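Remember, predicted model here, so these are calculated numbers, not experimental data. Just follow the structure's listing: the first ligand is 1, and inside any ligand the first atom is 1.
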Amino acid sequence: MYTLNNIKIIIADSYEQMSIDAAEIFLRQLSDKNDSIMGLATGGTPVGMYKELIKKYNEGTVCFSKMHAFNLDEYYPIKKTNDQSYDYFMKDNLFNHININFDNIDIPNGEADDPEKECDRYEQKIIEKGGIDFQLLGIGLNGHIGFNEPTEAFSSKTNCVNLQESTIKANARFFETEEQVPRKAISMGIKTIMMAKKIMLICSGANKADIIKKTIFGPITPMVPASVLQMHRDVTFVLDREAAVDIESFL
Ligand code: F6R
């Protein structure tokens, strides 16, 4: 474990090892506090970690029955039945395979009539639950966390965002065509994320090496949303070697 600019860094040899290390940290949180409020992420990166959690569950070593999950974000608008919705993703990749209580799952509602109201409801529910104990994050090529895209100012609460062209292009790989990627999303805000007691960001692949370096060493700026994590009091990055290649000389 290394520390750079207030960020604890673990470097794993491969994507598989990154997933194992991240699952171990996640499960340590649950063993310390089995009713933890866990903030979860979607996308390609956490799939391996979720597989590892399912494996541990099947081995009978962990229990998720008391945990409460709040997902970071959801496309808008999108039907829950759409296999590209984050609601569907979470059930398919994790929730259907572990003993989480389905009443303890919160994901922004991509079917809500009024997205602004949905943002307020979501933020309020997180506050009512006492805030996030442990937030899992991925990172976009442009430095976004959740769907907080680079912009002029850090967003605060859960908000409705317009996805940037680079994000639409990056996420098109999950859809049949780029046109099918929703242009908006509901996302926890930067302040919502920063209020989490602990944060773990996972990242893999050479194409993210540059943004990881900017996040850790760059100026703290809303143009690189993840750079705000330098100001968090308990943040750990679990990186595979490829994602860490640009920071290795500083370790
Ligand atoms: C997903 C999310 C996004 C992703 C990011 C990286 O809930 O909030 O910030 O973590 O876009 O996605 P992948 O892992 O697909 O590279």
Side-chain angles (χ1 to χ4, degrees), residues 12 15-16 18-19 22-23 26 38-52 69-76 78 80 82-95 105-110 119 122 126 132 134-151 154-155 158-175 178 181-190 192-194 196 199-212 214-215 222 224-229 235 237-240 242-243:
Y15 173 76
E16 288 69 29
M18 178 207 78
S19 304
F26 188 98
M38 304 297 275
L40 301 181
T42 58
T45 315
V47 171
M49 186 195 112
Y50 291 151
K51 283 205 173 97
E52 192 58 28
F70 275 99
N71 261 80
L72 269 172
D73 44 18
E74 175 61 286
Y75 290 117
Y76 187 85
I78 198 159
K80 292 181 206 279
N82 183 324
D83 63 6
Q84 291 311 324
S85 76
Y86 288 168
D87 197 284
Y88 190 102
F89 174 101
M90 287 309 302
K91 287 177 183 143
D92 200 33
N93 284 286
L94 185 65
F95 297 150
I105 296 172
D106 277 286
I107 300 178
N109 183 5
C119 291
Y122 201 69
I126 295 172
I132 309 276
F134 182 102
Q135 178 66 54
L136 171 69
L137 297 175
I139 181 170
L141 287 168
N142 60 6
H144 72 211
I145 47 177
F147 271 135
N148 296 286
E149 302 280 38
T151 179
F154 286 119
S155 68
T158 301
N159 60 124
C160 195
V161 293
N162 293 314
L163 300 184
Q164 288 190 352
E165 213 42 48
S166 65
T167 300
I168 292 167
K169 282 202 164 31
N171 288 8
R173 70 192 195 274
F174 299 117
F175 291 80
E178 197 176 306
V181 183
R183 269 34 187 178
K184 287 179 190 282
I186 294 174
S187 175
M188 281 187 200
I190 293 289
T192 326
I193 293 171
M194 287 296 279
I199 295 180
M200 175 173 72
L201 181 145
I202 58 176
C203 180
S204 139
N207 61 343
K208 300 252 179 92
D210 180 53
I211 197 65
I212 285 293
K214 287 193 177 122
T215 296
V224 180
S227 64
V228 75
L229 297 172
V235 58
F237 283 17
V238 187
L239 312 173
D240 73 359
E242 289 187 344

Undergrad: Quick one: look up the protein heavy atom nearest atom 12 (O) of ligand 1 and list residue, atom name and how far away it is.
TA: Gly43 CA, 4.3 Å
Undergrad: Classify the angle between the aromatic ring planes of Phe147 and Tyr86 as parallel (below 30°), tilted (30 to 60°) or perpendicular (above 60°).
TA: parallel
Undergrad: Give me the residue, atom name and distance of the protein heavy atom closest to atom 11 (O) of ligand 1.
TA: His144 NE2, 2.7 Å
Undergrad: For Arg173, counting its heavy atoms only, list the atoms of ligand 1 lying under 4.0 Å from any of them.
TA: 13 (P), 15 (O), 16 (O)
Undergrad: Is there a side-chain contact between Tyr122 and Ile186 in this structure, where contact means two heavy atoms from C-beta onward sitting under 4.5 Å apart?
TA: no
Undergrad: Closer than 4.0 Å to some heavy atom of Leu72 - which atoms of ligand 1 meet that?
TA: 8 (O)
Undergrad: Answer yes or no: is there a side-chain heavy-atom contact under 4.5 Å between Leu229 and Leu137?
TA: yes
Undergrad: List ligand 1 atoms under 4.0 Å from Ala41, heavy atoms only on the residue side.
TA: 7 (O)
Undergrad: Show the numbers, then the answer: is there a side-chain hydrogen bond (donor to acceptor under 3.5 Å, both in side chains) between Tyr75 and Asn82?
TA: CA-CA 11 Å; Tyr75 290 117; Asn82 183 324; over 6 Å; no
Undergrad: Among Thr45, Thr167, Leu141, Val47, whose heavy atom sits nearest atom 13 (P) of ligand 1?
TA: Thr45
Undergrad: Closest by any non-hydrogen atom to atom 3 (C) of ligand 1: pick that one out of Gly138, Gly140, Gly146.
TA: Gly146
Undergrad: Is the closest side-chain heavy-atom distance between Thr215 and Leu201 below 4.5 Å?
TA: no
Undergrad: Taking C-beta and beyond as the side chain, do Phe89 and Asn71 meet within less than 4.5 Å on heavy atoms?
TA: no
Undergrad: Please write down residue, atom name and distance for the protein heavy atom closest to atom 6 (C) of ligand 1.
TA: Ile139 O, 3.3 Å
Undergrad: Can you list the steps and then say if Lys208 with Leu239 is a side-chain contact (heavy atoms from CB on, under 4.5 Å)?
TA: CA-CA 10 Å; Lys208 300 252 179 92; Leu239 312 173; over 6 Å; no
Undergrad: Which residue owns the protein heavy atom closest to atom 1 (C) of ligand 1, what's the atom, and how far is it?
TA: Thr42 OG1, 3.2 Å
Undergrad: Tell me which protein heavy atom sits closest to atom 16 (O) of ligand 1, plus the residue, atom name and distance to 0.1 Å.
TA: Lys208 NZ, 2.8 Å
Undergrad: So is Gly44 polar-close to ligand 1, meaning N/O to N/O under 3.5 Å?
TA: yes
Undergrad: Ligand 1 versus Asp73, non-hydrogen atoms closer than 4.0 Å: side chain, backbone, both, neither?
TA: side chain
Undergrad: Restricting to non-hydrogen atoms, name the atom on Met188 and the atom on Asn148 that form the minimum distance, rounded to 0.1 Å.
TA: O-ND2, 2.8 Å
